[in-house]
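Only heavy atoms go into these numbers, but all of them, side chains included; no hydrogens, no water, no symmetry mates. Each chain gets a letter, A, B and so on, in the order its sequence line appears, and its residues count up from 1. Keep in mind that this is a model prediction, so the values were computed, not measured.
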Amino acid sequence: MMTPEQNFMRKIEAEEKIEPKDWMPETYRQNLIRQISQHAHSEVIGMQPEGNWITRAPSLRRKAVLLSKVQDEGGHGLYLYSSCETLGVKRADLIAAMQSGEAKYASIFNYPTQTWADIGAIGWLVDGAAIVNQVSLQRTSYGPYSRAMIRICKEESFHQRQGYELMIALAHGSPEQKAMAQDALNRFYWPALMMFGPHDAESAHSAKSMTWKIKRETNDDLRQKFIDQTVPQIEFLGLAHPDKDLKWNAERGHYDSGEIDWQEFYNVINGNGHCNRQRIEHHVRAHEEGAWVRDAMTAYNAKQQAKTTEQRQAA
Amino acid sequence: MSDFDLKAATQEYATRLGDDSVVLGHRISEWTSNGPFLEEDIALSNVALDYIGRARMYYTYAAELAGNGKTEDDLAYTRDMREFRNLLIHELPRGDFAYTMVRQLLVDVFNTHYLPELAKSSDSTLAGIAQKAIKETRYHLRRSHEWALRLGDGTEESHQRMQRALESLWGYTHELFDADPLELQLAEAGVGVHNAALRPAWLAQVSAILTEATLTVPKDDWAVRGGRVGYHTENLGHLLNDMQFLHRAYPGCQW
Ligand SMILES: [Fe+2]
Ligand SMILES: [Fe+2]
Ligand SMILES: [Fe+2]
């Protein structure tokens with residue numbers, strides 16, 4: 001007879017998915033809640049920097065594309081919150097943890113969207129980096145999370161293509177547009193690399209997550225993939241690569257790159273980036289402004305329920 | 001009909017309908033990331049998206065009729081406030097959630113009566129656009145109807161907010177049923193719609209929903225008009241500042 005713990009590890013090793021009703025170690029559950037909710041919060045907070053340009057999009061087509069992208073991100077958030085709720089937590093509590101700063105979201109969204117080109121850079125680089133990460137998460141050991149990733153990845157790829165297409169229009173446009181594209185690339189390239197997290201040696205949650213197959217590839221491996229795939233994309237745009245130390249390494253078959261500014265990384269993670277406070281305050285404000293709406297909904301539903309009960313009793 | 005140029009009138013009419021759609025779509029899009037909860041945030045973005053889609057169809061047709069190489073974006077992004085011809089109700093601010101939902105209810109009911117008429121237009125393009133928009137509009141109305149009930153018959157606060165919004169919007173609904181000579185002639189020609197004829201059905205349906213929602217139908221004792229002649233509220237200028245700034249800052253660019 002196997003103990004539940006042994007059976008759990010057997011499934012992990014056999015690449016069987018862990019499902020909500022299955023026995024799982026408490027730390028596995030906690031680890032998943034942390035990662036999935038962080039992902040959900042990222043989708044939702046990410047609506048702010050992109051939403052920042054919906055009302056100013058320079059053409060009706062771009063406006064529609066952006067609206068629909070931001071709407072998709074909201075949908076990803078919902079879908080991930082539901083996945084997370086299969087682990088026995090409530091969305092309201094997850095949101096409260098995010099608002100209090102206890103739970104994190106992707107630091108990339110603490111950078112301001114200053115120009116229209118940032119919308120292109122985010123679609124291309126940020127959704128692009130997210131995909132690299134999420135493609136590997138399609139094989140994550142927790143069933144609901146894995147299925148969420150498969151569904152979400154399809155839309156993220158679409159976002160990435162749209163973002164890149166926006167960058168092409170700018171990079172091949174007027175000199176001002178090209179400068180705008182270069183500036184956005186310069187500002188978003190390094191933060192996009194930071195999305196893969198600290199070096200493996202420094203990563204707090206990595207080892208355990210790898211054993212449990214929550215994570216399938218290491219931060220540095222995923223980052224390397226992204227660096228490599230981005231080089232020809234930058235070339236095609238005719239833009240200058242922001243990393244002056246970038247060099248092809250024939251022996252490794254990869255690009256060597258310059259070092260990330262880790263001080264900036266930790267500064268933003270610790271809540272002191274450009275927009276950390278603004279993002280949380282925005283979320284809290286919208287949430288508080290919506291309180292009377294949610295209350296009204298609850299009150300209305302209660303009244304309706306009371307009516308039905310009354311009718312049933314009368315009948 | 002020597003003094004009536006049907007093609008020019010149709011072009012003007014399509015532009016007006018495009019203006020209505022783009023301005024309301026823009027307003028609703030201001031809710032993105034500001035909704036009372038995530039599901040509703042997504043739903044509002046979807047409504048905005050639908051209106052922007054409509055604007056694009058109307059404007060594209062207007063530009064095609066103009067035949068001067070102009071595009072949907074020239075119409076949306078390079079005209080000034082005084083040239084816009086949207087009805088005023090569409091440009092009023094986003095307001096709180098009650099205000100937004102009351103406006104949607106009033107406009108959605110109007111559109112569920114207006115669009116089936118426009119779908120009968122002898123102009124096949126306008127008829128086609130209306131036909132496409134009907135389905136979405138019925139869905140919008142289902143939502144705004146449900147929200148009217150929940151908020152009207154929810155809490156004391158939500159009820160008050162709804163009634164207040166209703167009072168401050170009602171005077172802008174009269175314009176929905178106006179027709180200037182151009183729209184009258186288009187209606188006579190079978191291209192446009194006799195809007196005035198829609199009011200009884202609109203009023204009956206709106207009144208029924210409001211009553212169901214425990215709200216009071218406001219009195220018809222004031223009306224503000226001017227959208228179709230370009231006499232706008234102050235709100236539209238600010239909306240266009242946002243919407244047009246980037247496009248205007250880099251003239252002649254492709255995006
Ligand atoms: Fe997403
Ligand atoms: Fe994502
Ligand atoms: Fe995305």
Under 4.5 Å from a heavy atom of chain B, the part of Leu60(A) involved: both

Structural part of Leu44(B) lying under 4.5 Å from a heavy atom of chain A: neither

Looking at Gln304(A), Met47(A), Arg61(A), which one has more heavy-atom pairs under 4.5 Å with chain B than the rest? Arg61(A)

With a 3.5 Å cut-off and no angle check, do the side chains of Glu91(B) and His26(B) form a donor-acceptor pair? no

Residue among Glu72(B), Glu30(B), Glu39(B), Glu157(B) with most heavy-atom pairs under 4.5 Å to chain A: Glu39(B)

Just by distance, with hydrogens left out, do Asn111(B) and His140(B) show a side-chain donor and acceptor under 3.5 Å apart? no

Please check: side-chain N/O of Asn68(B) versus main-chain N/O of Lys70(B), any donor-acceptor pairing under 3.5 Å? yes

Using heavy-atom distances under 4.5 Å, tell me whether Arg56(A) contacts chain B through its side chain, its backbone, both, or neither. both

Counting only heavy atoms closer than 4.5 Å, note whether Gln71(A) contacts chain B via side chain, backbone, both or neither. both

Check each atom of Ile52(B) against the heavy atoms of chain A and say whether the ones under 4.5 Å are side chain, backbone, both or neither. side chain

Apply salt bridge (Lys or Arg N to Asp or Glu O under 4.0 Å) to the pair Arg143(B) and Glu40(B), showing each step before the final yes or no. CA-CA 10 Å; Arg143(B) 270 175 38 78; Glu40(B) 190 52 34; 2.8 Å; yes

From the list Arg62(A), Gln48(A), Gln177(A), the residue making the most non-hydrogen contacts under 4.5 Å with chain B is Gln177(A)

Nearest 0.5 Å, what's the NE2-CG distance between His232(B) and Asn235(B)? 11.0 Å

Go through the atoms of Gln254(B) and report whether side chain, backbone, both or neither lie under 4.5 Å from a heavy atom of chain A. backbone

Heavy-atom contact with chain A under 4.5 Å, split by part of Ala43(B): neither

Of Ala48(B), Ala55(B), Ser33(B), the largest count of non-hydrogen pairs under 4.5 angstrom with chain A goes to Ser33(B)

Determine whether a donor-acceptor pair (N or O, by modelled atom type, separation under 3.5 Å) exists between the side chain of Glu167(B) and the backbone of Pro218(B). no

Heavy-atom distances under 4.5 Å only: say whether Asn46(B) touches chain A with side chain, backbone, both or neither. both

Interface moiety of Ala76(B) toward chain A, non-hydrogen atoms closer than 4.5 Å: side chain

A quick test of your reading: do over 12 heavy atoms of other residues, nucleotides or ligands sit less than 6.0 Å from NZ of Lys132(B)? no

Does any donor atom in the side chain of His76(A) or Glu73(A) lie under 3.5 Å from an acceptor atom in the other side chain? yes

So which of Glu50(A), Arg91(A), His283(A), His172(A) has the largest heavy-atom pair count under 4.5 angstrom toward chain B? Arg91(A)

So what's closer than 4.5 Å to chain B heavy atoms on His282(A): side chain, backbone, both or neither? side chain

Side-chain donor or acceptor of Arg279(A) paired with backbone N/O of Tyr111(A) under 3.5 Å: yes

Should the ring pair His247(B) and Tyr77(B) be called parallel, tilted or perpendicular, given that the plane angle runs from 0 to 90° and is split at 30 and 60? parallel

For chain B, find which of Ala299(A), Ser59(A), Gly290(A) contributes the most heavy-atom pairs closer than 4.5 angstrom. Ser59(A)

Test item: Trp53(A) side-chain N/O and Thr113(A) main-chain N/O as donor-acceptor pair under 3.5 Å: yes

Could you check whether His41(A) and Tyr81(A) have their ring centres less than 6.0 Å apart? yes

Indicate whether any N or O donor in one side chain lies under 3.5 Å from an N or O acceptor in the other, for Asp73(B) and Thr71(B). no

Most heavy-atom pairs under 4.5 Å with chain A, out of Asn241(B), Leu151(B), Ile42(B), belong to Ile42(B)

Any idea which of Asp96(B), Leu38(B), Thr32(B) has the most non-hydrogen atom pairs under 4.5 angstrom with chain A? Leu38(B)

Between Met180(A) and chain B, with a heavy-atom cut-off of 4.5 Å, which part of the residue counts as in contact: side chain, backbone, both or neither? side chain

Contact origin within Arg161(B) toward chain A - heavy atom pairs under 4.5 Å: side chain

Interface moiety of Asp41(B) toward chain A, non-hydrogen atoms closer than 4.5 Å: side chain

Just checking, any donor-acceptor pair under 3.5 angstrom between side chains of Asp123(B) and Tyr61(B)? yes

Between Ile45(A), Thr55(A), Val44(A), which residue shows the highest count of heavy-atom pairs closer than 4.5 Å to chain B? Thr55(A)

Structural part of Phe97(B) lying under 4.5 Å from a heavy atom of chain A: both

